[in-house]
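Take a look at the structure below.
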Amino acid sequence: MPQLEASPTIDFQTETYKDAYSRINAIVIEGEQEAHDNYLTLAELLADKKAELVGLSKMENRHMKGFQACGRNLKVTPDMAFAKEFFSELHKNFQTAAAQGQIVTCLLIQSLIIECFAIAAYNIYIPVADDFARKITEGVVKEEYSHLNFGEVWLQAHFEESKAELEAANRQNLPIIWKLLNAVADDARVLGMEKDALIEDFMIAYGEALGNIGFNNRDIMRMSAQGLAA
Ligand code: Y39
Ligand code: Y39
Ligand code: FE
Ligand code: FE
Ligand code: FE
């Protein structure tokens, strides 16, 4: 199904729009907050990349503030309790991996899966956003590509010894993203974001990332299909 064009028929002040926005906006704010925390955790695990990772965490903090402003601009109160619950399983997996020093799993969760989720969602949102939120989101999405790139570069440099852990982490976490997308699809549609378009953009970004790290096409197909095991 084609993505909706930006159209004057979206009324950003209807109760229906604002109700859906209260959950999607909260998910994005909570996601940016957890991304900030995750990069600080990674900065401790990867001492030689500490300065770069602290820099990424600062960007995530600015993203969070930008999206809080988007909610205020529409006079929407984000449903933060909903958003914390939304991310809880992925957040727990990241923290468990970090506690065990599993850097590869942490990078797969944050820098590949979550960043690709953000890149898909933000690119699909931009054409249907209100003017204020569009400008913010355009600035944010450019930086998300650099976060994805950090993970790709590190994992490519450590590919052979990371391969088995990457496959296990993909198997554990890709089905969660698939569940999260399904949980948010109705609200996303109210904002003009089509589920099929989100899946397509996610799979393109994630598949490209796996290829850049060193997986071949057969590996990429197999690992993508594991997302369906939800
Ligand atoms: O690295 C980041 O900045 C990621 C935290 C942000 C993820 C945001 C997740 C957005 C999902 C929204 C789903 C709407 C369909
Ligand atoms: O439908 C499919 O092909 C599923 C295997 C793929 C995994 C699902 C991951 C989709 C996440 C989409 C995130 C959108 C922001
Ligand atoms: Fe946290
Ligand atoms: Fe971000
Ligand atoms: Fe990011």
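Note that these values count all heavy atoms, side chains included, but never hydrogens, waters or copies made by symmetry. Both counts, for ligands and for their atoms, begin at 1 and track the order of listing.
Around the Fe ion (ligand 5), the angle linking E115 (OE1) with E144 (OE1) is 80°, rounded to 10 degrees. For the pair ND1 of H63 and OE1 of E60, the angle whose vertex sits at the Fe ion (ligand 4) is 90° to 10 degrees.
Set against the non-hydrogen atoms of Y122, the atoms of ligand 1 under 4.0 Å away are 6 (C), 8 (C).
Among the atoms of Q110, some N or O lies under 3.5 angstrom from an N or O of ligand 1.
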*asked:* Pair D37, Q33 - check side chain to side chain donor-acceptor pair (under 3.5 Å), show working.
replied: CA-CA 6 Å; D37 298 347; Q33 172 68 52; 3.1 Å; yes

*Mind running salt bridge (charged side-chain N to carboxylate O under 4.0 Å, His left out) on R222 and D219 for me, showing each step along the way?*
CA-CA 5 Å; R222 189 169 41 75; D219 295 330; 3.1 Å; yes

_Stepwise side chain to side chain donor-acceptor pair (under 3.5 Å) test for Y206 and N170_ = CA-CA 11 Å; Y206 190 59; N170 175 79; 2.7 Å; yes

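The closest approach of E32 to the Fe ion (ligand 4), by N/O/S atoms, is made by OE1. Within H147, the N, O or S atom at minimum distance from the Fe ion (ligand 5) carries the name ND1.
Taking every heavy atom of both residues into account, S111 and G151 meet most closely at CB-CA, 3.7 Å. Residues C70 and N25 approach most closely at CB-ND2, 4.5 Å, considering heavy atoms.
Counting heavy atoms closer than 4.0 Å to ligand 1, residue E34 contributes nothing at all.
Ring planes of F117 and F87: perpendicular class, angle over 60° (limits at 30 and 60°).
Of the candidates A183, A118, G31, the one placing a heavy atom closest to atom 5 (C) of ligand 1 is G31.
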